[in-house]
Structure formats: C-alpha cells, structure tokens
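Notes follow once the structure below has been shown.
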There are 2 protein chains.
Amino acid sequence: MEIPSTAPLLDRETKASERPGDHKDELRLWLRMLTCSTLIESEIRTRLREEFKTTLPRFDLMAQLEKSTTGMTVGEVSQRLMVSNGNVTAVVAGLLTDGLVDKRPAAQDRRVQVLTLTAQGRRAFKAMAERHEGWIAELFADLGPAEIGQLFRLLGGVKASLHQAISNRQNGTPTAAGETE
Amino acid sequence: MEIPSTAPLLDRETKASERPGDHKDELRLWLRMLTCSTLIESEIRTRLREEFKTTLPRFDLMAQLEKSTTGMTVGEVSQRLMVSNGNVTAVVAGLLTDGLVDKRPAAQDRRVQVLTLTAQGRRAFKAMAERHEGWIAELFADLGPAEIGQLFRLLGGVKASLHQAISNRQNGTPTAAGETE
DNA sequence: TGAAATCATTTTAAACCTAAAATAATTTCG
DNA sequence: CGAAATTATTTTAGGTTTAAAATGATTTCA
C-alpha cells in the first residue's frame, strides 16, 4: 500500500502520462477522493433538507451573494458556481418566491440583473452557515489540525495540477504527451 | 497559512466539535476538496462524451459489472454506486438498448434481476477504462508518487472520520457532542 | 396451507442540470 | 444615426437524480 520513500529518481521525474501502463495509484486516489466528496455532499444535502427545508444549490447561491456587498450578476454567480446561467435563473426564481433574494437591473447596464440577499435572506443564511460549519467540523472530527493542514496543502497541489492539465488540453496540448498520440 | 508542527497538545486532542467558533480550517479544506472533485468529474464527463459518446453514470455502472464475474443485482449496484434503485434501472435500460448489458432473473430468487456485461460490453468497457486511467494520470501529472501516497493515506483517515460521524448521527449521537445541543 | 412480513424492483412526480436556440440590451463603427 | 456584432439573460427540450408510492416475489410461521 505504501509508496516506498526510496523510489528511483526516474520514477519521481517521469510524468505519469509518459508511462504506458501502471497508473493505478492515481486512479485509486481519485476514487477515494470521490468517495469522500460524495459522502460529505450527500450528508450536507440531507441535513439542509431536514433542518432548513432547503437545497444545496440554494445554499451555495446564497453563500456567493453573502460574500459580495454590492451584489452579483447572474453571469458572475454562474461562473463562480460552475453551473449554467439558466440554472442560476431557475434557482434564483425559487429564492425570489421565498423573499430571500432581490433581483433588479443594473443602473449602468440594463441587460445585467444584479442579485442581492434581502434582509430576511441574510438572516436565514447566517443561521444556516453557522450550522453548516458545525456539520463540516463534525464530519472531520477525527482528524487533527496537522492532518487538516497537510491535506489542505496537498490538495492545493492537486488543484494546480488539474488547472494545468485542463488548460493544456483546451488549447492544443503543445506538450510531449500530445506528440505520442 | 501553515499549521505549526508545534501545536499544543490540547489542540491536537480536542475534538473539533467541542470548540465553539473557529472551524474555518475544516470548512476551507472541504471547499478545496469539492473544487478538486468537481473539476475532475466534469473533465471526465466531457471526455467520455466527446471520445466515447457515453455518460459517467453508464461508465461507472459498467465498471461495477466488469469487476464481478457472476453478475450483480440491481440492488447491489445501487448500493455500490450510492444511487437509487430507480436510477440503476434507468441507466441499465439505456445499456440494454445498446447491447452492452444483459439482464435476467436470478435462478434461485426470481425477484432479483442479475446484470452482466455482454461480450460487446466488456470490449467497450476495456477500451474506455484504459483511456480513463490515462486521463486521471494526466490530471494528477504534476504530483510525485510520494504526494499521491500521502494523499491516499490522509483521505483514508477522512473516510473513516466521515463513516464515524455519519453513523453516530443516524443512530442517536450518543456522544458528548449530542449533549451540548 | 396461507396470511403477514420482508425484500427487490419499478413507477411516478418533482427538482435540477446542461446545451442550444431565442430574446433583449448595449456597443462599435461607418 | 443605425446596422452589425457582442454580451447577458431567458426559454426550451432532453436527460439525470431522488424520494415516495406501488407492485411483485419470497420467506416465515402459526
């Protein structure tokens, strides 16, 4: 299971995409990460529904608005949450009905809809955010602060690697990996 | 940003759920993990669609069947993939149409439907799985084997902590955390 | 045997997501 | 000015997911 710390230098320096077979470790890592994310996400969905009768997309959208003092446009929110504009429109529709969000055309650019939390929306979000933070802490309760810090740092590296790989591909992968295929 | 390695023993031993405020580190860790998972998942979805004209749920389902020599029931698959039975039924319907999966009642228990990959399904899955493994390796390409091993190990701890917290809650949380609320 | 309970699956309804097309407002530039 | 291009949003259609209710098959046990 453990990666030997005496791995040959060749292995350490060879990009994974250049070795032909054996990428099982990366695959196992991804499957484990996926398991963790899925468990957390579905637990949070359950608790939001049971305790606040709301959904994760609604919570996430309100969280974005709460961070912005001047409000956000539909497009900004959709980029931030990595979902489509149409989806933001639909989720906002529900929040408008419940009086949690306010939508109005921008002063300078009347194409743009500016979204803000209402006073009621801010109160509701504050209550949910506090509980949410507690739930996450509970879920990670068996980990010490050192482990949490280490994970945060390592996942920073993962994030950078992902951005690298994804942008490479979206252009024309002008790297060695591209030549071999 | 870094957690000092000389953190007082009290901190290391205090359960996160027993401290009142400050759970920001856990929250930041979760948000970063979610970012990584979402990036990977949507990249894999895109590539499966572009290169194989299929979807992630189909791929995941075929992966389960491929691992089992004797076939699996709808219920087993739904547990494994953490989705509903109804969902499995629907995804299987598509795979049946394409001749990738076979469905037949079990010999001993005629309530149960046994799912297996067809010969064509096995061939198709083999091709996809090879590419999939390569994609994952590309996405993690900037990480060394030591980092991958470390992450895998730490996420094992996360997984254990999640199971702990979730099962505690589903019974009656007979822990100290329960008393305080 | 046969009624009740249990287990597995299917059906249904509602919410959500995406992609593509349609609509609306603004900017650019002749 | 005003047509064309751009930008932002909404609408539409198709597909996926979940939860809950309904259905079907088997087991238990009096």
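Computed over heavy atoms, backbone and side chain alike; hydrogens, waters and symmetry mates excluded. Chain letters run A, B, ... following the sequence lines, proteins first, then strands; residues in each count from 1.
Relative to the six-membered ring of B/Phe52, B/Arg131 misses at least one condition, a distance below 6.0 Å or an angle of at most 45° to the axis.
Spacing between atom CG of A/Leu48 and atom P of D/dA19 amounts to 14 Å, rounded to whole angstrom units. Between A/Glu50 atom CD and D/dT18 atom P there is a gap of 16 Å when expressed in whole angstrom units. Computed from coordinates, the A/Gln79 CD to C/dT18 C1' distance equals 16 Å when rounded to whole Å. Taking atom CG of residue A/Leu56 and atom P of nucleotide D/dT17, one finds them 16 Å apart after rounding to whole Å. In this structure, the NZ atom of B/Lys53 is 15 Å from the P atom of C/dA19, given to the nearest Å. Across the protein-nucleic acid pair, A/Leu81 atom CG and C/dC16 atom P stand 14 Å apart, rounded to whole Å. Here D/dG15 presents its P atom at 16 Å from CZ of B/Arg45, a figure rounded to the nearest Å. B/Met82 places its CE atom 18 Å from the C1' atom of D/dA19, with the value rounded to the nearest Å.
Side chain of A/Asn85, nearest nucleotide from C/dT9, D/dT17, D/dT10: D/dT10. Distance from the side chain of B/Ser84 is smallest to D/dT18 among C/dT10, D/dT18, D/dT10. Out of D/dT9, C/dC16, C/dT10, the shortest distance to the side chain of A/Pro57 is found at C/dC16. Distances from the side chain of A/Asn87 to the nucleotides D/dT9, C/dC17, D/dT18 place C/dC17 closest. When distances are taken from the side chain of B/Asp109 to each of C/dT9, D/dT26, D/dT10, the shortest belongs to D/dT26. Of all nucleotides listed (C/dA19, D/dA19, D/dT10), C/dA19 comes nearest to the side chain of B/Arg49. Here the side chain of A/Thr89 is nearest to one of D/dA8, D/dT10, D/dT17, namely D/dT10.
Ion pairing between B/Lys24 and B/Asp22 fails under the 4.0 Å rule for side-chain N and carboxylate O.
Not one side-chain nitrogen or oxygen of A/Thr55 sits closer than 4.0 Å to the OP1 or OP2 atom of C/dA15. Contact check, A/Lys103 against D/dT10: a side-chain N or O comes under 4.0 Å of OP1 or OP2.
Heavy atoms of other residues, nucleotides or ligands lying less than 6.0 angstrom from CZ of B/Arg80 number 12 at most.
A/Val88 comes within contact range of no nucleotide atom at all, as no heavy-atom separation falls under 4.0 Å.
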Passes side-chain contact (heavy atoms from CB on, under 4.5 Å), B/Met62 versus B/Thr54? Steps please.
CA-CA 11 Å; B/Met62 291 177 78; B/Thr54 191; 5.9 Å; no
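The nearest heavy atom of DNA chain D to B/Gly86 and to B/Arg111 marks one nucleotide each, and the one closer to the 5' end goes with B/Gly86. Ranked by how close their nearest DNA chain C nucleotide is to the 5' end, A/Arg110 and A/Arg58 are led by A/Arg58.
Residue pairs satisfying the salt bridge (charged side-chain N to carboxylate O under 4.0 Å, His left out) criterion with at least one member in residues 98-108 of chain A, sequence neighbours excluded, are listed as follows: A/Arg58-A/Asp98, A/Asp102-A/Arg104.
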